[in-house]
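Below is one structure, written out as structure tokens; the observations come after it.
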Number of protein chains: 2
Amino acid sequence: MDSKGKKILIADDEPDILEILSYNLNKEGYEIITAKDGDDAIQKSKLFKPDLIMLDVMMPNKNGMEVCKLLRSQPAYQDTLIIFLTALSDEVSHVKGLEYGADDFISKPVSPKILVTKINTLFRRVQKPDDTALKAGNIVIDPVKFVVTVDGEDIVLAKKEFELLHLLATKPGRVFLRNEILSQIWGTEVIVGDRTIDVHIRKIRQKLGIDCITTVKGVGYKMVV
Amino acid sequence: MDSKGKKILIADDEPDILEILSYNLNKEGYEIITAKDGDDAIQKSKLFKPDLIMLDVMMPNKNGMEVCKLLRSQPAYQDTLIIFLTALSDEVSHVKGLEYGADDFISKPVSPKILVTKINTLFRRVQKPDDTALKAGNIVIDPVKFVVTVDGEDIVLAKKEFELLHLLATKPGRVFLRNEILSQIWGTEVIVGDRTIDVHIRKIRQKLGIDCITTVKGVGYKMVV
DNA sequence: GTCCATACTTAACAATATGTTTACGCAAAA
DNA sequence: TTTTGCGTAAACATATTGTTAAGTATGGAC
């Protein structure tokens, strides 16, 4: 579930369209938010921070183009994927849409297959690996090779363990609240218990063999230098 | 960036398209030259010696195919990258384009992100000429002879298997995300399932007999050194 | 062109690694 | 002493990959 669990906002004034799109994308594991017009789309974008926004070109209260232009002008939406829903032959919208920073177009009537394929592909494109190796004392954390090295010896961590250690190592010495850890590693969507963090911390300590993570009772964890 | 500062010639009869493409590629640091038809494209190619040429299929005064054929017939343009701009569903152009020596295709309407990604990828591909044999431990991968040698013994791999192994071997130890693998080996057009990668990995492991590829669960694969 | 061999892809299922919860014990603070 | 928070281990659930087999292209020989 890497490209999934993403949030998609769909804005269209026709309830039928909304339903069809929602159904098909929801089935694929995406979380769907719907909006019925331009203003609604802007509001809900700010509220839910979707990863992808589908805009009907023709909508009441600000059409798709206007919404796109407005969102793209803000830094927070620079990397958000934006797709337009257009009539099949609407070349003008295509050209204009591109100027406003659209990433793709889907023509009505919408084929569920093309829809899903396009969206999966788009998400696939934007993912890129983080490539800054971190060092904390005698520990080296290398996201490129996905290995942790202690005193020159490679240690294999599971994904979550690695992410957790990497997070702590971004600011050695700084305390990370349990809440921070949860939202950074697990995201706001998934809800996991507090014990889950403990268990991962324990495994990291166990695998690394050295005591590099300190517990700050009632607060969180930090990396020692 | 080392793949930048390159010259790109864009040939299309629609000024809007020219402008959009120019804008996005220029932003990436490429130097852009535009041409409005086939003859213009040929002239400016000779004049500016671009590193990459984007040709609209439908153009006045020699269409994209003709231009491609003509340029490719000259030794000077043997190694120039040529990309076609095609309508989304234009399968015929794809087939013909490949015959004439196209390096890739971009479907209209053009997504800026995909455009930039593709072009960056293409330059990266040619930057490291494929004629250097790679070595990783006791494995030698020779793209010229298309053979893999383990401890002096030749092993025959299928095309996809070879490409996959070669990709991993370009940066031994580095983790390649499944996404990266998909876009590097399969490209942006084709969409294949995740299991497909596994199967190829399996075959490589089986044929080589040695354990040179490590699985990083939830992340991807990497070559061990 | 047809046939054949090979490679590629997909789907179903098995195996395994990973993530999460639970229950309990311990220790420090109130 | 009671309470609170954390550590631990095992049980459980889930996710991800490995494997197999069968279907689908693809390209070459004839």
Side-chain angles (χ1 to χ4, degrees), chain A residues 1-6 28-29 113 116-117 120 127 146-148 155-168 175-179 181-187 189-209 211-222, chain B residues 91 94-95 98-99 146 148 155-168 175-179 181-182 184-187 189-209 211-222:
Chain A
M1 235 200 229
D2 222 24
S3 69
K4 301 308 164 65
K6 300 256 187 185
E28 280 288 302
K113 240 190 188 159
V116 167
T117 303
N120 283 336
Q127 282 189 4
F146 210 86
V147 278
V148 174
I155 292 170
V156 181
L157 296 184
K159 196 181 169 198
K160 282 278 189 300
E161 293 160 18
F162 188 89
E163 288 173 349
L164 183 42
L165 181 64
H166 185 268
L167 174 66
L168 295 180
V175 181
F176 286 83
L177 312 183
R178 297 180 99 88
N179 289 336
I181 295 174
L182 283 176
S183 57
Q184 287 284 327
I185 309 287
W186 278 269
E189 308 298 307
V190 246
I191 298 164
V192 294
D194 262 7
R195 285 316 102 236
T196 306
I197 300 180
D198 303 356
V199 174
H200 282 100
I201 291 283
R202 183 184 167 278
K203 285 191 182 159
I204 294 171
R205 285 173 171 157
Q206 191 174 302
K207 284 188 181 176
L208 294 198
D211 189 28
C212 59
I213 299 175
T214 306
T215 307
V216 184
K217 275 205 169 186
V219 186
Y221 297 94
K222 69 174 177 182
Chain B
E91 284 298 326
H94 276 207
V95 175
L98 284 173
E99 280 173 11
F146 207 83
V148 175
I155 291 171
V156 181
L157 295 184
K159 193 178 163 209
K160 282 277 187 298
E161 293 159 17
F162 188 88
E163 287 173 351
L164 185 41
L165 181 64
H166 184 267
L167 174 65
L168 295 181
V175 177
F176 287 83
L177 311 185
R178 297 181 100 87
N179 293 333
I181 295 173
L182 284 175
Q184 288 284 328
I185 309 285
W186 277 268
E189 308 290 305
V190 218
I191 291 166
V192 294
D194 267 4
R195 285 311 105 246
T196 305
I197 300 179
D198 303 355
V199 174
H200 283 100
I201 290 281
R202 180 179 171 279
K203 288 198 178 150
I204 295 171
R205 285 173 172 157
Q206 195 173 303
K207 286 188 180 175
L208 294 197
D211 188 26
C212 59
I213 299 174
T214 306
T215 307
V216 183
K217 274 213 167 185
V219 186
Y221 295 93
K222 69 175 175 182

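Labels below follow one simple rule: chain letters A, B, ... track the order of the sequence lines, proteins then strands, and each chain is numbered from 1.
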**Item:** Side chains of B/Val216 and A/Val156 in contact at under 4.5 Å (non-hydrogen atoms)
**Value:** no
Look for any protein N or O under 3.5 Å of an N or O in nucleotides 25-28 of chain D and output each such pair with its distance, or none.
none

**Prompt:** What is the distance from CG of A/Asp194 to P of D/dT4, rounded to the nearest Å?
**Reply:** 15 Å
**Asked** According to a strict under-4.0 Å criterion, is B/Arg202 in side-chain N/O contact with OP1 or OP2 of D/dT20?
**Response** yes
**Item:** Closest listed nucleotide, where the reference is the side chain of B/Lys203 and the choices are D/dG18, C/dC8, C/dG19
**Value:** C/dC8
**Prompt:** Could you state the NE2-P distance from A/His200 to D/dC6, rounded to the nearest angstrom?
**Reply:** 17 Å
**Prompt:** Would you say the side chain of B/Leu208 lies within less than 4.5 Å of the side chain of B/Leu165, judging by non-hydrogen atoms?
**Reply:** yes
**Message:** Check this one for me: any side-chain N or O of A/Tyr221 less than 4.0 Å away from OP1 or OP2 of D/dG7?
**Reply:** yes
**Request:** Begin from the C-alpha positions of B/Thr214 and B/Val175 and carry the test side chain to side chain contact (heavy atoms under 4.5 Å, CB included) through to its verdict.
**Result:** CA-CA 9 Å; B/Thr214 306; B/Val175 177; over 6 Å; no
**Asked** Side-chain N or O of A/Trp186 less than 4.0 angstrom from OP1 or OP2 on C/dT20?
**Response** yes
**Message:** So, taking the atom named CD1 in A/Ile197 and the one named CZ in A/Arg178, what distance separates them when rounded to the nearest 0.5 Å?
**Reply:** 5.0 Å
**Message:** In whole Å, I'd like the distance from the CD1 atom of A/Ile197 to the P atom of D/dG5.
**Reply:** 14 Å
**Fill in**
By nearest-nucleotide position on DNA chain C, the 5'-leaning member of A/Gly193 and A/Leu157 is A/Leu157
**Complete:** To the nearest angstrom, the CD1-P distance between A/Ile204 and D/dG7 comes to 12 Å
**Message:** Using whole Å, what does the distance between atom P of nucleotide D/dA13 and atom NZ of A/Lys160 come to?
**Reply:** 19 Å
**Fill in**
Rounding to 0.5 Å, atoms CG (A/Leu168) and SG (A/Cys212) come to a distance of 8.5 Å
Contact list (N/O, under 3.5 angstrom) for nucleotides 24-30 of chain C vs protein:
none

**Request:** Name the nucleic acid region contacted by A/Thr215, choosing base, sugar-phosphate or nothing; use a 4.0 angstrom heavy-atom cut-off, strictly under.
**Result:** sugar-phosphate
**Asked** Rounded to the nearest Å, what distance is computed from the CD1 atom of residue A/Ile181 to the P atom of nucleotide C/dT20?
**Response** 13 Å
**Straight-line distance of A/Lys207 NZ to A/Lys203 NZ, nearest 0.5 Å** = 7.0 Å
**Test side chain to side chain contact (heavy atoms under 4.5 Å, CB included) applied to B/Val219 and B/Leu177, step by step** = CA-CA 6 Å; B/Val219 186; B/Leu177 311 185; 3.5 Å; yes
**Request:** Could you tell me whether the side chain of B/Ile181 reaches within less than 4.5 Å of the side chain of B/Trp186, counting heavy atoms only?
**Result:** yes
**Message:** Does D/dT16 have OP1 or OP2 under 4.0 Å away from a side-chain N or O of B/Arg178?
**Reply:** no
**Complete:** Here the distance between atom P of C/dT10 and atom CG of B/Leu182, to the nearest Å, is 10 Å
**Item:** side chain to side chain contact (heavy atoms under 4.5 Å, CB included) partner of B/His200, chosen from B/Glu161, B/Glu163, B/Arg205
**Value:** B/Glu161
**Fill in**
Residue set satisfying ring pair (Phe, Tyr, Trp, His ring centres under 6.0 Å) with B/Tyr221, at least two apart, ordered chain then number -> none
**Prompt:** Nearest-Å distance, CD (B/Gln206) to C1' (C/dC8)?
**Reply:** 15 Å
